[in-house]
Amino acid sequence: MFGEPPYHLQQVGRADTAPLRVLMSGSCAGPLGGDHYTVDVDVGRGAVLEFGSAAAAIALPSSDQHPSHIATQIHVDTGGRLLWAPQPTIYGGGSRHHTTTSIELRDGASLIYRETLALGLHGRLPAIARSHIRVTLNGKPLWDQETALGDEVPGSMGPAITAGAQVLQQTLLVRPDLWWHGATHDVPAQLLAPGSCLLPLAGGPALLISVLAKHVAEATRISAKGLTLAGLTDTT
């Protein structure tokens, strides 16, 4: 486990117990425009990791209007389990923040991955909030989604996209027991709330909980409902 400023990694609890719990914390404001960070996580065969953050991250603009970027690469080996549930990323007014996440899962791996985007700080929208998530299972595409929201993305905050919601929270569940006989899902698609749903993915034993809400607490409550329907408790 290794971290460099402005991000530090801290183990929570004992190293000889499962799951291993790790928190990431920041030593200064950010990400600021122009910052570039990388995060690499490798969950070995049969290992269990819970990864979170000590506080929300606040993306802030720079005077030169350059975007900030965080690139995350995650690998979960056979039989490994990962719970990824950091605090929300809050996009400050005028910020341009991009995240790129690549997750590679081997056969038999389990994953709960949550990303929460809070659009705006004190009512000021970001210039652009961009997120690209790509998940593969045994080298085959499972989920590939790119999201772009904000003042500089025409129509993104209108009725056809966010309908005025300030929070987008997505939770991906990958569990071998969600896939029966290699072809059917035990949990059907269903509406959780207006603008929020639980969807089985076609490429493997996976469910996606996608939530639009006015604030983080509401989004987390709706996501918890989806997790309960999938036979799990809330990630927090």
Do you know which two heavy atoms are closest between R130 and A148, and how far apart they sit?
NH1-CB, 3.7 Å
Report whether V48 and L82 are members of the same hydrophobic cluster (ILVMFWY, side-chain heavy atoms less than 4.5 Å apart, transitive linking).
no
Tell me if the CG atom of D42 is crowded by more than 12 foreign heavy atoms within 6.0 Å.
yes
For F2 and L9, which heavy atoms make the closest approach, and how far apart are they?
O-CD1, 3.3 Å
Consider only side-chain heavy atoms of I, L, V, M, F, W and Y, link residues closer than 4.5 Å, and tell whether L192 and L173 are in one cluster.
yes
Test: R106 and D77 ion pair at under 4.0 Å:
no
Where is the tightest heavy-atom contact between H215 and E218, given as atom of each residue plus distance?
ND1-N, 3.1 Å
Compute whether any side-chain donor of one residue and acceptor of the other, for Q170 and Q145, lie under 3.5 angstrom apart.
yes
Under 3.5 Å, is there a donor-acceptor pair linking the side chains of H132 and D144?
yes
Taking E50 for its side chain and L83 for its backbone only, find out whether a donor-acceptor pair lies under 3.5 Å.
no
R114 and T171 have their tightest heavy-atom pair at NE-OG1, 3.0 Å
With side chain to side chain donor-acceptor pair (under 3.5 Å) as the criterion, how do S131 and E146 come out once you've worked through the C-alpha distance, each side chain's angles and the decisive distance to 0.1 Å?
CA-CA 6 Å; S131 167; E146 185 168 359; over 6 Å; no
Same cluster (ILVMFWY, side-chain, under 4.5 Å), L20 and M1
yes
If only atom types and distance count, is the side chain of S62 paired as donor or acceptor with the main-chain N or O of G34 below 3.5 Å?
no
As a test of understanding, state which of L111, I112, I209, I103 forms a side chain to side chain contact (heavy atoms under 4.5 Å, CB included) with L172.
L111
How close do P31 and I70 get, counting heavy atoms only, and between which atoms?
CG-CD1, 4.4 Å
Apply side chain to side chain donor-acceptor pair (under 3.5 Å) to residues H97 and S68 and explain how you reach the verdict.
CA-CA 5 Å; H97 182 54; S68 53; 2.7 Å; yes
Tell me, yes or no, whether the heavy-atom count around R96 atom CZ, taken from other residues, nucleotides or ligands under 6.0 Å, exceeds 12.
yes
Ignoring hydrogens and geometry beyond distance, is a side-chain donor-acceptor pair present between S223 and Q169 at under 3.5 Å?
yes
Specify whether F51 and W84 have parallel, tilted or perpendicular ring planes, treating 30° as the upper limit for parallel and 60° as the lower limit for perpendicular.
parallel
If only atom types and distance count, is the side chain of T220 paired as donor or acceptor with the main-chain N or O of A217 below 3.5 Å?
no
Sidechain-backbone polar pair: T101 side chain, T72 backbone, donor-acceptor under 3.5 Å
no
Is it the case that over 12 heavy atoms from other parts of the model lie below 6.0 angstrom from the CD atom of Q190?
yes
Keeping T89 on the side-chain end and A56 on the backbone end, is there a donor-acceptor pair under 3.5 Å?
no
Checking side-chain polar atoms at under 3.5 Å, does Q11 have a donor or acceptor matched by the opposite partner on R21?
no
